[in-house]
Amino acid sequence: MIEDILAASVRIGTPLLFAALGGLLSERAGVFAVGLEGMMLAGAFAGVIATWLTSSLGLGLVASAAGGMALALVVVIATQRYGADQMVTGLAVNILALGLTSFLLRGFGARGEAPVLRVPTLAPWPIPWLADLPVLGAVLFRQPPLTYAGIVLALGVAVWLARTRAGLTLRAAGENPYAVFAGGTDPVRVRALAIVACGAIAGLGGAVLSLQQVGTFTDGMTNGRGYIALAAIIVGRWRPMAALAACVVFGAADALQLRVQGFRLPVSSYVIQMTPYLVALAVLAGVGRSARLPAAIGVPLLRERK
Amino acid sequence: MLEMRGIEKSFGAVRANRGIDVSIPAGRIVGLLGENGSGKTTLMNVLFGMVRADAGTITFDGRPLVHHTPHDAIAAGIGMIHQHFMLVPAMTVAENVMLGWEDAGAWLRHDAVAQRIAETSTAYGLDLDPHAVVGALSLGAQQRVEIVKALLRGARLLVLDEPTSNLSPPEVARLLPVLRKLRAEGRSVVFISHKLQEVLDLCDEVIVLRDGAVAGACPVAGATRETLATMMVGRELPPPLARVETTPGREVLIVSDLRALDDAGVERLHGVSFSVRAGEVFALAGVDGNGQAELADVIGGLREAMHGSISIDGDDVTHATVTRRLRAGLAHVPADRATTGLVSAMTIAENLALRESDAPPFRRGPWLDLAATRALADERIAAYGVRAEGGDALVATLSGGNQQKVILARELGRRPALLLAAQPTRGLDPGATRFVIDQVLALRAEGAAVLYISTELEEVMAVADRIGVMFGGRLVGVVSRDDADLTTLGLMMAGAA
Ligand SMILES: Nc1ncnc2c1ncn2[C@@H]1O[C@H](COP(=O)(O)OP(=O)(O)OP(=O)(O)O)[C@@H](O)[C@H]1O
Ligand SMILES: [Mg+2]
């Protein structure tokens, strides 16, 4: 039972993890990642459509990254080229993704009805030897491939941020972009690349949902996960491994919520479904003050400043 | 070594550089002088590729720099230390040095870089800990980080934009030999400063800008402060305002046994008591970092007092909000203009109205009276000689000295009962410094009490009726103007008397 719930936490936390890692890159570079929800949704949609059309899950994954990136490019153009507000742009992109995916989905159905596009899902890949470990085996080593990929990605992002000069430049762009400029690198480019990377990774997060967990696309299927991922970034204080831990905690809240619904408690299922969000709120209120945002997050760059 | 020809740069209607020609020979320290807003920073930003000139050519070491970026400038061998430092406070010295430095490699090697920083800083007497977090360093040390950065990137021309305006005298005394050493190695230095004595001591020649054009250039030998000042303003400075005799009245500010902690939680103020009377200027001299900053913060209401009390005009404001202090008659010119003094993303007019926006004439019912705000802005911009397009210009676009003038216009313009001024002339040109001193004296003549905190002894001697010296978080002595002489004050500042 415990084993089950832990394994489910990791599985359910995976889409959050991808989105959080993407968002973390964007925010460390100084751009609020409000558009995560939309990027995930675009990724989930593009993944299902591509898989349905080509019957290749591999191409589906590529398409989902591309879908997230397409939305990220909108953010880049609006915020970096035209100096639009990051929050507003992010929200606009979320609404755009919701409408556009629902609309396009109907294009694949007859008479404007939303079709159910069934695609195969990524099956679990038990890892030889390790999968047979007690408890740990079930929790960590009998997971589907994108879950492993997410954990590796978290490690990779952590090392890249802390140990490479490119990672240093990205962090500096979020702290003091003018220092980056004076150091000979264009901070606008750094931020643009970070947003695009964020889109690709969050898009894959959407694919985790549609191609690894559900096997189809439904309207608005991300259902607020992008926002939970934002909370995970903050709870993890903008550090990849801590964000991973936060995602597992939010995953656990969701897993428990699903189990509790099975008990037929005299409480509306809608109330029970709220728990992950309540957990997020409670944790955020606790972390609140001590969390330190990247100093220059949200600060637009005035091109001609002294 | 460097030739700049016909450099033009306009920001909207402001022509910051209008056809400037300068040449910098190798192995020389060249002073770049000019009033606030005369275009010094703009010219150097053009050189470094931070802003693109509208016209003109640049040749460095025989090679032209066209449409270049800071990256190209650094690669060519130009290093720049900006008026507002370009460091990341949350990162260590080593990380800041590695930022954008290709030779540091794709993977960060903290230890190897720390080693090089240590070597360079020993060779030049810079005294830097590579692993220290930059935000925790003094301004002087941050500046040395910028110097190390430039040296490690192989700069052969180093531009320093007002490097001394926020350093304490001992820190300045450390910086100048470093620059001389660079000259001895055949590098060139462009040194921007408003402190004419420093320029005379350090530089080989000077170039003076006025209104975005070269007003003159001459070797330092034979120049005096007076000739330089005249070149800068194009006329002779008027004599200082005569001090009128005032009889100090009631005690406006009473501070007793004040103790306070700094940001790191270390006690920096160990029980300071004094009072300032109406019609009196009480100056606090002392080397930066001896508790003056904390004292000013506590009186201004930006820092909690741990112990002791403060009263303004009989009102106990020890734990009062800033608003209540302002209402009690306080005006505050903070030392740190960028973060506590101004909202740089707002316009001049808005910044000027900040303190008074909840009272007429700025308030009409629940609304801001924009016409009144604008009228006031126009009046103060004229009265304080702020060089700007108008009240609607963003504060962020002003030159450093002009930003300072906006704060002064806001705080002094209110005719407060008590003025708390911390380093009010920082970054001001000699004419503007004179103007501030005149304004402070005028306020005094009207019966205001003034607490004037400064590290510049000469200025202190010019304004103060009484001079207190801070050392190690204590007030170590108070002398009246007539008994004060520079030597005793200097000794007291060093903690030796
Ligand atoms: N980004 C900008 N946008 C608009 N105007 C600007 C900008 N940068 C500078 N200016 C204007 O150009 C003029 C020259 O400014 P600059 O900063 O070069 O002066 P400065 O000589 O360095 O003065 P200071 O001694 O006060 O630092 C000023 O009038 C300033 O307001
Ligand atoms: Mg300047």
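In what follows, chains are A, B, ... by sequence order, proteins preceding strands, each numbered from 1.
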When the 4.5 angstrom heavy-atom criterion is applied to A:A172 and chain B, the contacting part is both
Highest number of heavy-atom pairs under 4.5 Å with chain A among B:E95, B:R109, B:K149 belongs to B:E95
Applying a strict 4.5 Å limit to non-hydrogen atoms, the region of B:I74 in contact with chain A is side chain
The interface call for A:T169 against chain B, heavy-atom contacts under 4.5 Å, is both
Applying a strict 4.5 Å limit to non-hydrogen atoms, the region of B:M91 in contact with chain A is side chain
Salt bridge (charged side-chain N to carboxylate O under 4.0 Å, His left out) test vs B:E8 passes for just one of B:R18, B:R15, B:R52, namely B:R15
Tightest non-hydrogen contact, residues A:L71 and A:A97, listed as CD2-CB, 3.6 Å
Under 4.0 Å between a Lys/Arg side-chain N and an Asp/Glu carboxylate O for A:R165 and B:E102? no
Quick one: do the B:N17 and B:T42 side chains pair a donor with an acceptor below 3.5 Å? no
**Study point:** Ring centroid separation B:H82 to A:Y178 under 6.0 Å
**Key:** no
Residue from B:G100, B:G49, B:A73 scoring the most non-hydrogen pairs under 4.5 Å with chain A is B:G100
For A:A179 and B:V88, the nearest pair of non-hydrogen atoms, with its separation, is CB-CG2, 4.0 Å
If one checks every heavy atom of A:A162 against chain B at 4.5 Å, the contacting part turns out to be backbone
Greatest number of non-hydrogen atom pairs under 4.5 angstrom with chain A, of B:T69, B:L99, B:L87, B:N96, falls to B:L99
Nearest heavy-atom contact between B:F60 and B:G77 is CZ-O, 3.8 Å
Counting heavy-atom pairs under 4.5 Å with chain B, the top scorer among A:T164, A:T185, A:V180 is A:T164
